[in-house]
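One structure below.
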Amino acid sequence: MNYSVVLEAAWLVHDVDDINDAIGVAVSEAGKRLNQEDMEYVEVEVGFTDCPACGEPFDSAFIAADTALVGLVLEMKVFNAESTEHAQRIAKSDIGGALRDVPLKVVDTIEDADAEEDDEA
């Protein structure tokens, strides 16, 4: 089976005073580290957090003392996994190897039905 696995990463950015700069630096640094490991196939985006008061989503980034915590969303396709859990372990291992010391959490795993239909054709 083929899956799309979505991980959330907590990325620290030091010496920053603007949210947009923090987001740009976090996405750029994560992309650079993934590319150094030939993992250009991992999609990197800023995550969203729901406002506790109104429920509307906003960029998952917070600055305190010129240090930002940016929540990134990393998506990777995993091919020929034995199960959902196997796909999650593969994605977390591969991405975690490239982004050492970055906390990761699996947030979604989607079975890729299109790839299965292509195999049958």
Side-chain angles (χ1 to χ4, degrees):
M1 299 291 250
N2 301 324
Y3 297 88
S4 289
V5 180
V6 181
L7 302 174
E8 181 179 52
W11 199 276
L12 284 175
V13 180
H14 300 281
D15 300 320
V16 67
D17 56 0
D18 180 71
I19 286 287
N20 290 329
D21 289 344
I23 290 169
V25 168
V27 170
S28 176
E29 286 179 355
K32 180 179 176 182
R33 285 176 56 183
L34 289 164
N35 289 343
Q36 287 174 342
E37 299 294 324
D38 294 325
M39 297 180 69
E40 295 86 8
Y41 50 86
V42 177
E43 294 181 32
V44 180
E45 296 178 358
V46 67
F48 290 98
T49 301
D50 292 330
C51 173
C54 68
E56 290 293 316
F58 61 92
D59 288 341
S60 187
F62 178 77
I63 296 178
D66 295 332
T67 302
L69 175 62
V70 180
L72 296 178
V73 174
L74 310 166
E75 184 173 350
M76 173 180 160
K77 292 203 181 292
V78 177
F79 300 97
N80 300 320
E82 296 172 6
S83 65
T84 301
E85 294 78 18
H86 186 226
Q88 292 170 351
R89 285 193 309 271
I90 291 169
K92 201 167 180 182
S93 175
D94 286 357
I95 292 173
L99 304 180
R100 298 201 186 281
D101 301 322
V102 175
L104 298 173
K105 176 184 173 187
V106 175
V107 293
D108 199 9
T109 306
I110 304 155
E111 188 175 327
D112 190 356
D114 292 337
E116 188 174 300
E117 290 172 7
D118 291 343
D119 290 344
E120 294 174 1

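From a predicted model like this one, the values you see are computed outputs, not experimental measurements.
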Would you list the atom pairs, donor with acceptor, under 3.5 Å between side chains in residues 55-68 and any protein atom, with sequence neighbours excluded?
| unit_1 | atom_1 | unit_2 | atom_2 | d |
| --- | --- | --- | --- | --- |
| Ser60 | OG | Thr49 | OG1 | 2.9 |
| Thr67 | OG1 | Ala65 | O | 3.4 |

If you look only at distance, which donor and acceptor atoms sit under 3.5 Å apart when one is on a side chain in residues 16-28 and the other is two or more places apart or in another chain?
| unit_1 | atom_1 | unit_2 | atom_2 | d |
| --- | --- | --- | --- | --- |
| Asp18 | OD2 | Asn20 | N | 3.1 |
| Asp18 | OD2 | Asp21 | N | 3.1 |

Just distance, no hydrogens or angles: give the donor-acceptor pairs under 3.5 Å from side chains in residues 94-109, sequence neighbours left out.
| unit_1 | atom_1 | unit_2 | atom_2 | d |
| --- | --- | --- | --- | --- |
| Thr109 | OG1 | Gln88 | NE2 | 2.8 |

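With a 4.5 Å cut-off on side-chain heavy atoms, Val78 and Asn2 do not count as touching. Using a 4.5 Å heavy-atom cutoff, the side chains of Glu85 and Arg89 are in contact.
Of all heavy-atom pairs spanning Ala81 and His86, the tightest one is CA-ND1, 3.5 Å. Nearest heavy-atom pair across Val44 and Ala30 is CG1-CB, 4.1 Å.
In this structure, OG1 in Thr84 is found 6.5 Å from CD in Glu111, a value given to the nearest 0.5 Å. Residue Met1 holds its CE atom at 11.0 Å from CG of Asn80, rounded to the nearest 0.5 Å.
Cluster membership check: Val6 does not share its hydrophobic cluster with Leu74, using side-chain heavy-atom separations under 4.5 Å among Ile, Leu, Val, Met, Phe, Trp and Tyr. Cluster annotation: Val73 and Tyr41 are assigned to distinct hydrophobic clusters (Ile/Leu/Val/Met/Phe/Trp/Tyr, side-chain heavy-atom contacts under 4.5 Å, transitive). Leu12 and Val46 end up in different hydrophobic clusters when Ile, Leu, Val, Met, Phe, Trp and Tyr side chains are linked at under 4.5 Å. A single hydrophobic cluster is seen to contain both Ile90 and Val42, as judged by linkage of ILVMFWY side chains at heavy-atom distances under 4.5 Å, directly or through other members.
Annotation for Glu82: atom CD does not count as buried by contact number, only 12 or fewer foreign heavy atoms lying within 6.0 Å.
For the side-chain contact (heavy atoms from CB on, under 4.5 Å) with Ser4, the lone residue among Glu75, Glu43, Met76 that qualifies is Glu75.
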